[in-house]
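Read the structure below first, then the notes.
Chain A is the first sequence line, chain B the second, and so forth, proteins listed ahead of strands; every chain is numbered from 1.
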Amino acid sequence: MDTYDDGTEDGAIGSSSSEKRQRSADGEERSDEDDGETAAKKKLRLSKEQSAVLEESFREHNTLNPKQKLVLAKKLNLKPRQVEVWFQNRRARTKLKQTEVDCELLKKCCKNLTEENRRLQRELVELRSLKRSPHLFMQVPATTLTLCPTCETARQRRPQIRS
DNA sequence: GATAGGTGGCCAGTTACATCA
DNA sequence: AGTGATGTAACTGGCCACCTA
């Protein structure tokens, strides 16, 4: 296993679990990696350059190993924890987007199936009415009576019923 | 070898804040 | 200037995998 005792400035590496355990253990809320500069640092927006580099890195690999995280953090002058959080949030956004895309796809699919179902229902009604008047049924061109592969197979397997 | 405890990573959900219309 | 909507940085708790004593 990798160890993170490599002197990260604020010990933010691997903070997600150890820090949360620490927080829950002593009841400390929102310590925000208290390293002296208390309260001064609220949430800050990442710069466009930082975001761009993170995006580029995310395109290459959407997860980071500890080493990559450190390198990236150093490069961007961020804390490793910030990089880690950014990747987590980015993965969540990607997943959400993909879910939306999938949802749209399923809606389209549903619409198509509904239309197809209506069409088949109409066809069924038509065929039933034809069946009720056999003289018309026999006049129906063969092309009108083509069956889908499943039905065709079933029809062929069906034992011939003699009247 | 089985087991408990520690650690770190990821995820889903939430909160807090910045920005914009 | 005030405000609601939206985006996102950061947090929280839970779960899992791995390591070690």
Side-chain angles (χ1 to χ4, degrees), chain A residues 1-128 146-157:
Chain A
M1 241 305 169
D2 301 286
T3 52
Y4 309 130
D5 53 350
D6 49 354
T8 316
E9 56 259 39
D10 53 71
I13 268 282
S15 59
S16 60
S17 286
S18 55
E19 277 194 357
K20 83 180 170 191
R21 285 193 180 97
Q22 179 82 20
R23 272 196 296 273
S24 54
D26 56 23
E28 186 187 2
E29 283 293 314
R30 317 200 78 248
S31 69
D32 209 13
E33 296 144 1
D34 240 341
D35 54 356
E37 317 162 21
T38 46
K41 41 181 183 173
K42 289 285 174 184
K43 187 159 106 179
L44 29 110
R45 280 327 226 215
L46 300 181
S47 71
K48 278 188 174 161
E49 289 74 21
Q50 286 171 324
S51 295
V53 172
L54 286 165
E55 278 292 344
E56 191 183 341
S57 177
F58 184 81
R59 273 196 295 275
E60 284 173 29
H61 28 63
N62 69 354
T63 55
L64 291 176
N65 64 38
K67 181 117 187 167
Q68 290 170 321
K69 194 199 298 178
L70 269 182
V71 169
L72 202 51
K74 203 156 216 171
K75 182 177 176 184
L76 297 172
N77 196 28
L78 292 171
K79 287 172 186 148
R81 171 67 180 155
Q82 284 178 291
V83 174
E84 180 182 307
V85 165
W86 188 91
F87 268 73
Q88 275 179 15
N89 285 324
R90 186 65 178 77
R91 280 193 293 272
R93 285 196 290 274
T94 302
K95 190 173 181 182
L96 184 63
K97 272 242 167 73
Q98 187 56 50
T99 302
E100 284 169 4
V101 167
D102 290 349
C103 189
E104 283 307 307
L105 205 66
L106 284 172
K107 275 186 196 168
K108 265 185 195 164
C109 203
C110 182
K111 195 179 161 211
N112 287 344
L113 285 172
T114 304
E115 277 173 17
E116 175 73 354
N117 188 38
R118 281 207 197 98
R119 191 188 66 73
L120 290 169
Q121 291 286 355
R122 280 198 301 272
E123 194 174 319
L124 187 61
V125 168
E126 216 169 288
L127 289 171
R128 277 182 178 149
T146 50
L147 297 174
C148 72
T150 313
C151 296
E152 181 61 30
T153 309
R155 190 185 67 80
Q156 284 169 1
R157 286 199 187 136

Mind calculating the distance between [atom1] ([X]) and [atom2] ([N]) to the nearest angstrom?
X: A:L44; N: C:dA10; atom1: CG; atom2: P; result: 6 Å
X: A:L78; N: C:dA9; atom1: CG; atom2: P; result: 10 Å
X: A:L54; N: C:dT8; atom1: CG; atom2: C1'; result: 13 Å
X: A:R90; N: C:dA10; atom1: CZ; atom2: C1'; result: 17 Å
X: A:L64; N: B:dG9; atom1: CG; atom2: C1'; result: 12 Å
X: A:F87; N: B:dC10; atom1: CZ; atom2: P; result: 10 Å
X: A:R45; N: C:dA10; atom1: CZ; atom2: C1'; result: 12 Å
X: A:L46; N: C:dA9; atom1: CG; atom2: P; result: 5 Å

Identify which nucleotide among [options] has an atom closest to any side-chain atom of [X], counting heavy atoms from C-beta outward.
X: A:Q88; options: B:dC11, C:dT8, C:dA10; value: B:dC11
X: A:E84; options: C:dC11, B:dG9, C:dT8; value: B:dG9
X: A:T63; options: B:dC10, C:dA9, C:dC11; value: B:dC10
X: A:K69; options: C:dT8, B:dG9, C:dA10; value: B:dG9
X: A:R91; options: B:dG9, B:dC11, C:dA10; value: B:dC11

Okay, side chain of A:S57, backbone of A:V53: is any donor-acceptor separation there less than 3.5 Å?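 Answer holds: no.
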Option passing side-chain contact (heavy atoms from CB on, under 4.5 Å) with A:L78 (candidates A:L46, A:V85, A:L72):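 That would be A:L46.
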I'd like to check the side chain to side chain contact (heavy atoms under 4.5 Å, CB included) partners of A:D102; sequence neighbours left out, ordered by chain and number. A:Q98
With sequence neighbours excluded, tell me which residues meet side chain to side chain contact (heavy atoms under 4.5 Å, CB included) with A:T63.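 For A:T63 the side chain to side chain contact (heavy atoms under 4.5 Å, CB included) partners, ignoring immediate neighbours, are A:R91.
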